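Report on one structure; see the data block that follows.
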Amino acid sequence: MTTTIQNPTSTPEVPVRRRRPVSGRTIGRAAALVAGTVLTLGPVLWTVASALQSPSQSLGGGSLFTNGITFDAFKDVFHQVNMWLLLWNSVLVTGLVAAGQMFTAALAGYAFARIDFKGRGLLFGIVLATMMVPLQVTIVPVFMLIRGMGLSDTLLALILPALPTAFGTFLMRQYFLGLPPELAEAAAIDGASPLRTFRSVYVPLAWPGLAIVGILAFNYHWNEFFRPLIMTISEQNFTLPLGLVSLQGNMGTGSVATVLAGVVLSMIPAAVVFVFGQRYLREGLTAGSNK
Amino acid sequence: MSTTLRNQRAQTTGSASNDPTGTKTATARRDGRKWMAALFLAPTIGGIALFTLVPIVASVLLAFFRWDIISAPKFVGLDNFASIGADPTVRVAFLNTIMFVIVAVLLQLLVAISLAVLVQTRMPIWLRTFFRSAFFFPLVLSASSVSIIMSYLFNQNFGLVNKILGLVAIPPVPWLTSPAASMAVIVLVYVWQNFGFTFLLVLGGLSSIPTELYEASSIDGAGGWKQLRSITLPLLSPTLLVASVMAVISALQIFDQPYVITRGGPGDATRTAVMVIFESAFKQLDFGRASAIGVVLTLLIMAATAVQFRLSRRFVYYS
């Protein structure tokens, strides 16, 4: 099995420590990882490269190497759609939902973790159970409800139903359970009210947990497509994903660069969060599944 | 699930024991805290009741009515279920969804396990961090944006995919106009974006396998494949169960990719269950029927989850 090839120069991808002889298997593994990386990042890099083409260029009309770089498509996308409004709507919805979820999850998580009351276990069980109900099953009655409240085709239709978060509540409960209960006793001895104990002792310690809730909410709602598609009708209430899909529909295969410039702009905040909040994102995404 | 329950029990007994009972101030404080609990829970419980619990009940009830919003809802019994059972489009949509889930989830697990095992092999830390980040980057993008990108890449005449295939003398594939190829595109696009999630779960599972096991088995002469079969996969099986259950639940709800890339076509080749819910409700204004399809989808999700837990008794190894 371990046939060794005595040629250490042939695998630059995976440097092997302590000058172990490079085996055929190592080369195979390196090749698989490189192929995986190229296939994963390739489409993203192609998108950025294509967005840097002239907007008059249609699909298949040359490449980065023959045409050079221009930012015209980024200017053009602002002419084709009201990009500022789309950005603003997305920022507003995502920002308010993220902040709102941090707020509601901190309160409910704390109550479930630190306050003893009758029926706590049952209530928490119900909250957890709602996590398993797919959004598509409740969307029709939610749409009716929103319509009945006179909120159809508003941004509030997207924000309001997203404020309570079962998963965020679950996460914050776990987080508060992990903080020492002695802190509350110490604060009570110092004369702090329960509310004050929560606000000045526990919330400041819970920021990492709140960051996870906020980042997950941002990531989900920034990219959300299904609910905006149903809840908004007029273009002035579109969020970015919806606006870009309708732009693509209008453009067909002409001026690919313009559409992709919009896509790139919409990816930037997600990429920034990915770079700076990757640890929180990873922790949050896998939190529900850790045994 | 069991851990949450256990924590909960531990927490209940824990706080009961350090509750200073007996004094007047303690009772007053407990009353105050009851109010605080009600206040703190109000937004979440109220919101979940209004926007999740009531809609669940309403959705089930609505499945037995015919309602187009304009006229009054009319009770029709099981008519909606009978009509969706007889509707070829709905039947095809469910068949498509089930086929999609089987292929996409298997592919997703295969890619994620392979890459996670490879990333866990000996390599410099910075390189491992790079791979780990790269593989889960697509997860933070929006499915609709990814679908826009992919519909350009898979364009039959101008797309990069066919250009690359042309380099190795493969004739252009009608990716978005042939039924089989368009389903393949939906699977590939979905797996491309979502394998990173399974990858993260598997990576977490792998890191909890003690390295001594591998060391001991290589002294016994076990090679890579043998180790994978007799150590890695059995010890990873609890993680794989969770990963597979979560992947199936989310794949059954696929909507964004086929909506953006193919609009369900050609014909009904890539129409999915959620797409027919969407079309019944918001195109045909048949809300009762849409709810009935939703109820069927929910039952399917529950059945798929139950089957996996059932099968897991045979395949999952708990140390």
Side-chain angles (χ1 to χ4, degrees), chain A residues 1 14-15 25 29 32-33 36-37 40-41 43 46-47 59-60 104 107-108 110-111 113 115-117 121 123 127 130 133-134 136-138 140-142 161 163-164 166 169 177 181 194-195 219 223 225-226 230 241 244-245 248 253 256 259 263 266-267 270 273-274 278 282 285-286 289 291, chain B residues 3 7-8 11 15 32-34 36-37 40-41 43-44 47-48 51-52 55-56 58-59 62 115 118 121 123-124 131 133-135 137-138 140-145 148-149 152-153 155 158 160 197 200-201 204 223-224 238 242 246 253 255-256 260 274 277 281-282 287 290-291 294 298 301:
Chain A
M1 281 306 271
V14 180
R25 182 184 293 152
R29 282 173 177 165
L33 281 171
T37 312
T40 311
L41 295 184
W46 176 85
T47 306
L59 190 56
T104 61
L107 292 177
Y110 187 79
I115 307 176
D116 237 339
F117 59 90
L123 208 55
V127 170
T130 62
V133 180
Q136 290 84 2
V137 174
T138 53
V140 168
V142 168
L163 291 181
T169 301
L177 281 179
L195 198 64
N219 190 55
N223 294 330
F225 180 71
F226 187 67
I230 287 165
L244 291 172
V245 168
Q248 186 221 12
T253 49
V256 171
V259 179
V263 168
S266 82
M267 282 177 178
V273 167
F274 177 78
Q278 199 191 127
R282 253 198 333 255
L285 285 170
T286 52
S289 52
K291 295 206 61 102
Chain B
T3 18
N7 283 345
Q8 210 167 289
Q11 172 56 22
S15 52
R33 287 175 72 81
K34 218 183 270 170
M36 190 166 138
F40 275 27
L41 289 172
T44 296
I48 285 178
F51 292 115
T52 309
I56 291 171
S59 199
L62 206 52
L115 289 176
L118 289 174
T121 55
M123 67 173 73
F131 283 131
S133 303
F135 294 150
F137 181 67
V140 305
L141 303 177
S142 87
S144 57
S145 285
I148 293 176
I149 296 169
Y152 291 141
L153 284 174
N155 182 288
F158 313 108
L160 188 63
F197 179 64
L200 284 183
L201 293 182
V242 173
M246 294 178 91
Q253 299 172 49
F255 175 83
D256 295 5
V260 174
V274 175
I277 296 180
F282 302 103
F287 291 95
S291 291
T298 310
I301 289 174

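Order of the sequence lines fixes the chain letters, A, B, ..., with proteins taken first and strands second; residue numbering starts at 1 for each chain. Just so you know, these numbers use all the heavy atoms, side chains as well, and skip hydrogens, waters and symmetry mates. The shown structure was predicted, so the numbers you read here are calculated from the model rather than taken from an experiment.
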- Interchain contact, B:S59 with chain A, by part (heavy-atom threshold 4.5 Å): both

- Should B:F51 and A:T138 count as side-chain neighbours, where that means a heavy-atom distance under 4.5 Å? no

- Query: Do any N or O atoms from the side chain of A:N223 and from the backbone of B:V140 form a donor-acceptor pair under 3.5 angstrom?
  - Reply: yes

- Message: Quick check for you: to the nearest 0.5 Å, what is the distance between A:L285 atom CG and B:F197 atom CZ?
- Response: 6.0 Å

- Note on the structure: Rounded to the nearest 0.5 Å, the CE atom of B:M36 sits from the CZ atom of A:F117 at a distance of 11.5 Å

- Heavy-atom distances under 4.5 Å only: say whether B:F135 touches chain A with side chain, backbone, both or neither. both

- Item | For B:S145, side-chain hydrogen bond (donor to acceptor under 3.5 Å, both in side chains) partners two or more places apart | B:S142

- Item | Heavy-atom pair count under 4.5 Å with chain B, highest-scoring of A:S266, A:P161, A:P241 | A:P161

- Item | Pairwise side-chain contact, B:I56 with A:V137, heavy-atom cut-off 4.5 Å (strictly under) | no

- Part of B:A134 lying under 4.5 Å from any heavy atom of chain A: both

- Any side-chain heavy atom of A:Q136 sitting closer than 4.5 Å to one from B:T298? no

- Item | Closest non-hydrogen atom pair between A:T104 and B:T44, with its separation | O-OG1, 3.3 Å

- Message: Are the side chains of A:V256 and B:F158 in contact, using a 4.5 Å heavy-atom criterion?
- Response: no

- Query: Among B:L118, B:I277, B:L200, who wins on heavy-atom pairs under 4.5 Å with chain A?
  - Reply: B:L118

- Query: Among B:I148, B:I48, B:L160, who wins on heavy-atom pairs under 4.5 Å with chain A?
  - Reply: B:I148

- Task: Using a 4.5 Å cut-off on heavy atoms from C-beta on, say whether the side chain of B:V260 contacts that of A:Q248.
- Result: yes

- Message: Quick check on A:F226 against chain B: is it the side chain, the backbone, both or neither that has a heavy atom closer than 4.5 Å?
- Response: both

- Query: Side chain, backbone, both or neither: which part of B:I301 has a heavy atom under 4.5 Å from chain A?
  - Reply: side chain

- With a 4.5 Å limit on heavy-atom distance, are the side chains of A:T47 and B:Y152 in contact? no

- Query: Any side-chain heavy atom of A:Q278 sitting closer than 4.5 Å to one from B:F137?
  - Reply: no

- Message: Heavy-atom cut-off 4.5 Å, strictly under: side chain, backbone, both or neither for B:I149 against chain A?
- Response: both

- Item | Smallest separation among heavy atoms of B:P55 and A:V142, with atom names | CG-CG2, 3.7 Å

- For A:L107, enumerate each residue passing the side-chain contact (heavy atoms from CB on, under 4.5 Å) test, keeping only those at least two apart in sequence or located in another chain. A:F103, A:F198, B:F40, B:P43

- Nearest 0.5 Å please: distance from the CE atom of A:M267 over to the CG atom of B:L141. 4.5 Å

- Task: Heavy-atom distances under 4.5 Å only: say whether B:A58 touches chain A with side chain, backbone, both or neither.
- Result: both

- Query: Considering only heavy atoms from C-beta outward, does the side chain of A:F274 approach that of B:S133 to under 4.5 Å?
  - Reply: yes

- Note on the structure: Distance col, row A:I115:CD1 vs B:K34:NZ, nearest 0.5 angstrom, shows 12.0 Å

- Message: If we define contacts as heavy-atom pairs under 4.5 Å, which of A:V273, A:T37, A:L244 has the most with chain B?
- Response: A:T37

- Looking at A:A166, A:G36, A:P43, which makes the most heavy-atom pairs under 4.5 Å with chain B? A:P43

